[in-house]
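The chains referred to below are lettered A, B, ... by the order of the sequence lines, with proteins before strands, and numbering in each begins at 1.
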Number of protein chains: 2
Amino acid sequence: MTTEERIKKQRELIEEIGRYFDKEGMQPIAGRILGLLMVMDKELFTFEEITKELQISKSSASVALKNLEIRGQIEYTTLLGDRKRYFHLKNHEASSVIEDTVRKMNAAKNMFNYIIELKADKNSKNSIFLKEMIRMFEVILFNFNKSIIDYEKSKKD
Amino acid sequence: MTTEERIKKQRELIEEIGRYFDKEGMQPIAGRILGLLMVMDKELFTFEEITKELQISKSSASVALKNLEIRGQIEYTTLLGDRKRYFHLKNHEASSVIEDTVRKMNAAKNMFNYIIELKADKNSKNSIFLKEMIRMFEVILFNFNKSIIDYEKSKKD
DNA sequence: TATATGGTTTATAAAGTTACGAACCAAAAA
DNA sequence: TTTTTGGTTCGTAACTTTATAAACCATATA
């Protein structure tokens with residue numbers, strides 16, 4: 001694969017990643033920015049470079065960048081004597097992915113428990129189904145804790 | 001708690017569940033229908049009952065029910081000599097929740113691998129970060145498989 | 001002090017989504 | 001055959017989201 005082919009594929013991948021995050025509930029431009037910051041060889045982009053590369057307005061870039069920052073997906077570095085911000089992907093701890101999933105799963109579990117609590121018949125079809133789901137969640141949550149430990153352990157190798 | 005209090009709380013919970021699924025990308029009415037089918041003591045609802053309970057039009061109900069069916073969240077039962085459909089929560093296997101997550105995670109993993117494949121520098125900051133994420137996914141996927149096995153095992157008790 | 005740089009905020013246009021009523025349709029009942 | 005039941009589809013209004021241009025602002029530079 002020539003360098004040109006590679007770079008062409010990278011640009012195509014930006015669009016694909018954009019659509020991917022779009023489906024995950026992100027706004028289209030934010031998804032594409034994230035794609036840009038992920039796939040290109042260059043990994044630091046200024047505000048102006050982002051607007052040029054993606055052909056978007058300053059305001060769209062400004063709004064999307066703020067959203068991505070709030071979500072904790074990107075951050076920026078500044079250089080002494082340089083007013084520009086250099087945006088890049090946020091290198092968050094991989095284990096925070098698990099922690100997020102755990103939080104969500106606990107929220108669902110609590111909701112399901114409350115539904116059962118309010119049921120007249122604790123052995124109705126839904127009650128039994130929800131209890132099953134809760135039990136499944138508990139198995140997953142237990143193994144998630146193990147996942148974090150396993151991951152931290154494997155990190156040291 | 002009196003029965004009236006309980007039922008009042010159930011109705012409040014329907015709205016809360018509606019907002020919950022709304023945030024998960026579902027349309028408001030679909031979320032509320034799902035809430036209705038989850039929390040009430042009655043667990044089988046006809047089309048007409050749904051429109052009455054939630055005070056929505058027939059067309060809204062029709063569209064939302066079709067979407068929920070396609071997503072595999074609900075299904076209906078029919079009775080011999082009765083044209084009505086009795087909608088209820090779909091009692092899918094709890095382990096299918098994991099299988100879905102596994103599918104998603106594998107898609108993300110493949111995307112990350114492809115990004116690295118297209119990088120000029122396989123040891124760039126992003127490459128290293130993405131490799132870390134991939135490794136984390138692999139640990140999670142391994143433990144997910146264990147979760148399914150553990151769950152199936154505990155089911156027999 | 002005036003001007004350029006690096007953005008943010010505001011107002012609005014364009015597009016997309018949601019929900020509704022009304023018209024419609026197929027099957028069953030009268 | 002006509003009417004009722006149990007929905008679906010269509011056209012549209014209301015609302016929400018997205019993206020823009022233009023105005024604005026703070027800091028740095030001339």
Side-chain angles (χ1 to χ4, degrees), chain A residues 14-37 42 44-71 73-88 90, chain B residues 14-37 42 44-71 73-88 90:
Chain A
I14 290 174
E15 295 304 312
E16 193 182 327
I17 291 174
R19 291 192 298 276
Y20 174 85
F21 285 114
D22 198 0
K23 278 172 200 153
E24 300 286 291
M26 203 172 276
Q27 81 200 83
I29 285 187
R32 265 172 269 163
I33 291 177
L34 211 48
L36 181 71
L37 298 182
K42 181 175 161 63
L44 287 175
F45 283 81
T46 65
F47 185 91
E48 211 201 343
E49 284 167 344
I50 291 169
T51 61
K52 286 263 161 65
E53 281 284 343
L54 299 178
Q55 304 181 46
I56 55 175
S57 69
K58 288 209 287 176
S59 55
S60 304
S62 179
V63 170
L65 286 168
K66 183 174 281 168
N67 287 337
L68 286 169
E69 234 188 294
I70 289 167
R71 279 181 181 241
Q73 313 254 30
I74 63 163
E75 56 189 4
Y76 61 85
T77 308
T78 49
L79 284 95
L80 190 69
D82 184 349
R83 274 173 71 200
K84 280 176 230 163
R85 293 185 296 174
Y86 293 84
F87 294 95
H88 54 90
K90 185 163 174 181
Chain B
I14 290 174
E15 295 303 312
E16 193 181 327
I17 291 173
R19 291 191 300 275
Y20 175 85
F21 285 113
D22 199 359
K23 278 172 199 152
E24 300 284 291
M26 203 172 275
Q27 80 201 82
I29 285 186
R32 264 172 269 161
I33 291 178
L34 211 48
L36 180 72
L37 299 182
K42 180 175 162 62
L44 287 175
F45 283 81
T46 66
F47 186 91
E48 209 200 344
E49 283 167 344
I50 291 169
T51 62
K52 286 263 163 64
E53 279 285 343
L54 301 177
Q55 304 181 47
I56 57 175
S57 70
K58 288 209 289 175
S59 55
S60 304
S62 178
V63 170
L65 286 168
K66 184 173 282 170
N67 288 336
L68 287 169
E69 233 188 296
I70 289 167
R71 281 182 181 241
Q73 313 253 31
I74 62 162
E75 56 188 2
Y76 62 84
T77 308
T78 47
L79 285 97
L80 189 69
D82 184 349
R83 273 174 70 201
K84 281 178 231 165
R85 294 185 296 174
Y86 293 84
F87 294 94
H88 53 89
K90 185 163 172 180

Once you round it to whole Å, what is the distance between [atom2] of [N] and [atom1] of [X]?
{"X": "Ile50(B)", "N": "dA19(C)", "atom1": "CD1", "atom2": "P", "result": "15 Å"}
{"X": "Asp82(B)", "N": "dG6(D)", "atom1": "CG", "atom2": "C1'", "result": "10 Å"}
{"X": "Asp22(B)", "N": "dC15(D)", "atom1": "CG", "atom2": "C1'", "result": "13 Å"}
{"X": "Glu49(B)", "N": "dG6(D)", "atom1": "CD", "atom2": "C1'", "result": "13 Å"}
{"X": "Leu68(B)", "N": "dG7(D)", "atom1": "CG", "atom2": "P", "result": "15 Å"}
{"X": "Leu54(B)", "N": "dT18(C)", "atom1": "CG", "atom2": "P", "result": "17 Å"}
{"X": "Met26(A)", "N": "dT17(D)", "atom1": "CE", "atom2": "P", "result": "16 Å"}
{"X": "Leu65(B)", "N": "dA19(C)", "atom1": "CG", "atom2": "C1'", "result": "14 Å"}

Measuring to OP1 and OP2 of dT8(D), would you say a side-chain N or O of Arg85(B) lies under 4.0 angstrom away?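 So the side chain of Arg85(B) is within the cut-off, an N or O lying under 4.0 Å from OP1 or OP2 of dT8(D).
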Could you tell me whether the phosphate oxygens of dT17(C), OP1 or OP2, come under 4.0 Å of any side-chain nitrogen or oxygen in Gln27(B)?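 No, no such contact exists.
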Plane angle bin for Phe87(A) and Phe47(A) - parallel if under 30°, tilted between 30 and 60°, otherwise perpendicular: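 It falls in the tilted class, 30° to 60°.
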Using a cut-off of 6.0 Å, state whether more than 12 heavy atoms not belonging to [X] lie near its atom [atom1].
{"X": "Glu69(A)", "atom1": "CD", "value": "yes"}
{"X": "Glu48(A)", "atom1": "CD", "value": "no"}
{"X": "Lys52(A)", "atom1": "NZ", "value": "no"}

Base [N] paired with [X] side chain (donor-acceptor, <3.5 Å):
{"X": "Lys58(A)", "N": "dG7(C)", "answer": "yes"}
{"X": "Ser59(A)", "N": "dA21(D)", "answer": "yes"}
{"X": "Arg83(B)", "N": "dA27(C)", "answer": "yes"}

For DNA chain D, whose closest nucleotide is more 5', that of Val63(B) or that of Gly81(A)?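 Closer to the 5' end of DNA chain D: Val63(B).
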Nearest of [options] to any side-chain atom of [X]?
{"X": "Ser60(B)", "options": "dT8(C), dC20(C), dG6(D)", "value": "dC20(C)"}
{"X": "Ser57(A)", "options": "dG7(D), dA21(D), dC20(C)", "value": "dA21(D)"}
{"X": "Lys84(A)", "options": "dG6(C), dA19(D), dT8(D)", "value": "dG6(C)"}
{"X": "Ile56(B)", "options": "dT9(C), dT9(D), dC20(C)", "value": "dC20(C)"}

Working for side chain to side chain contact (heavy atoms under 4.5 Å, CB included), residues Asp82(B) and Thr78(B): CA-CA 7 Å; Asp82(B) 184 349; Thr78(B) 47; over 6 Å; no
